[in-house]
2 protein chains.
Amino acid sequence: MAVTKHSKQRDAIIDELCQRHDHPTAEELYLALKMKMPNLSLGTVYRNLNMLSDDGTIQKISVGGADHFDGNAKNHYHMLCTECKRLLDVAYPVLEDIENKAHSFVDGRITSHTITFIGVCNSCL
Amino acid sequence: MAVTKHSKQRDAIIDELCQRHDHPTAEELYLALKMKMPNLSLGTVYRNLNMLSDDGTIQKISVGGADHFDGNAKNHYHMLCTECKRLLDVAYPVLEDIENKAHSFVDGRITSHTITFIGVCNSCL
DNA sequence: TCAATAATGATAATTGTTACTGTTATTATA
DNA sequence: TATAATAACAGTAACAATTATCATTATTGA
């Protein structure tokens with residue numbers, strides 16, 4: 001179902017997600033918001049994150065265990081820290097032509113691509 | 001725990017995984033092997049796949065819902081079909097220098113990278 | 001051959017996520 | 001502004017993927 005009506009919960013979710021520059025999981029987001037909205041439900045967080053990522057308003061990133069969410073909908077790359085399991089932005093310029101270049105190696109049609117670097121972040125080193 | 005002893009189950013898992021060129025989930029692999037080894041346990045499949053991917057003998061790929069496993073341990077890229085959720089190999093040449101190039105954009109140390117193309121495979125088109 | 005122990009099968013437990021249900025809040029219209 | 005339609009909600013149950021537990025079996029080195 002698409003987003004039609006407004007709600008305080010949804011606004012708060014988007015706000016929180018765009019404010020912070022880590023890429024929280026649904027539960028991390030829920031815990032942070034729960035302090036301001038004590039009767040917020042985890043299901044509401046999941047429902048909204050899914051609707052918003054279906055919309056293209058935000059990004060859902062499936063890497064390791066739990067899905068992470070990113071308020072920045074523009075394609076960009078990430079690094080997963082194998083120690084703390086956090087997901088960091090990598091400002092490496094997006095390879096605009098890689099999808100066209102890859103076309104001949106693929107049995108099908110490419111619509112997007114993701115690059116994930118694996119490593120250890122500075123705070124863990 | 002590292003792999004020390006041998007077992008028929010483990011050998012069969014590696015065999016099956018290397019024979020086939022799709023990238024099965026633990027359960028898909030389990031169902032295929034169950035026919036030859038009727039008392040194989042799903043837990044054994046998971047345990048071995050994890051040990052082997054920790055070893056670097058095989059690859060674990062976390063993209064959508066369930067983890068996929070790849071008998072080819074050499075780095076290479078994949079495409080996820082949004083229709084059938086299958087994971088296909090993409091023979092696009094590995095960008096050997098991208099990790100060095102990305103270094104200056106990252107707060108930490110990079111040890112590897114993955115590229116996943118998203119699209120629709122030919123059989124689904 | 002035998003003792004030590006890694007690996008197994010079966011099953012329970014855990015985790016992340018989705019679905020359901022009755023209630024509340026939002027929005028368009030009168 | 002009141003009202004009716006319904007999207008979105010909270011709370012909870014259900015579900016799927018994965019991991020942990022534990023008693024038994026298989027492998028291996030002495």
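Note that the structure is predicted; figures quoted are calculated from it, not measured.
- With sequence neighbours left out, B:Y92 forms a ring-ring contact (aromatic ring centres under 6.0 Å, His included) with A:F105.
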Reading 5' to 3' through nucleotides 10-19 of chain D, protein heavy-atom contacts under 4.0 Å coded B for base, S for sugar-phosphate only, - for none: BB-----SBB
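- Look at CE on B:M51: it is 15 Å from C1' on D:dA20, rounded to the nearest Å.
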A:S62/B:V63 under side-chain contact (heavy atoms from CB on, under 4.5 Å): CA gap, chis, key distance, verdict: CA-CA 5 Å; A:S62 306; B:V63 276; 5.7 Å; no
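- The interatomic distance linking A:I61 (CD1) with C:dG16 (P) rounds to 17 Å, in whole Å.
- Atom CG in A:D11 sits about 12 Å away from atom P in D:dA8, given to the nearest Å.
- A:D15 CG: more than 12 foreign heavy atoms inside a 6.0 Å radius.
- Side chain of A:H113 to backbone of A:E99: no donor-acceptor contact under 3.5 angstrom is found.
- Atom NZ of A:K85 and atom C1' of C:dG16 are 16 Å apart (whole Å).
- Between B:Y30 atom OH and C:dT8 atom P the separation is 14 Å, expressed in whole Å.
- Using a distance-only test at 3.5 Å, with no hydrogens or angles considered, a donor-acceptor pair links the side chain of A:T82 to the main chain of A:G119.
- A straight line from CG of A:N48 to P of D:dA7 spans 14 Å, rounded to a whole angstrom.
- Side chains of A:L17 and A:L49 form a contact here, defined as non-hydrogen atoms less than 4.5 Å apart.
- The backbone N or O of A:H23 sits less than 3.5 Å from a side-chain atom of A:H68, completing a donor-acceptor pair.
- Of the possible polar contacts, one joining the A:R10 side chain to the A:K5 backbone as a donor-acceptor pair under 3.5 Å is found.
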Evaluation steps, side-chain contact (heavy atoms from CB on, under 4.5 Å), between B:L95 and B:K101: CA-CA 10 Å; B:L95 305 175; B:K101 282 189 185 168; over 6 Å; no
Scan nucleotides 26-30 of chain D against the protein and return all N/O pairs shorter than 3.5 Å with their distances rounded to 0.1 Å.
| residue | atom | partner | partner atom | Å |
| --- | --- | --- | --- | --- |
| D:dT27 | O2 | B:K5 | NZ | 2.9 |
| D:dT28 | OP1 | B:H6 | N | 3.2 |

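- Relative to the axis of its first five pairs, the axis of the last five pairs of the helix from C:dT1-D:dA30 to C:dA30-D:dT1 sits at 40°, rounded to 10 degrees.
- Sorted by first and then second residue, the side-chain hydrogen bond (donor to acceptor under 3.5 Å, both in side chains) pairs with a member in residues 29-40 of chain B read B:E16-B:K36, B:Y30-B:K34; sequence neighbours excluded.
- Screening residues 115-125 of chain B for side-chain hydrogen bond (donor to acceptor under 3.5 Å, both in side chains), with sequence neighbours left out, gives B:R86-B:S123.
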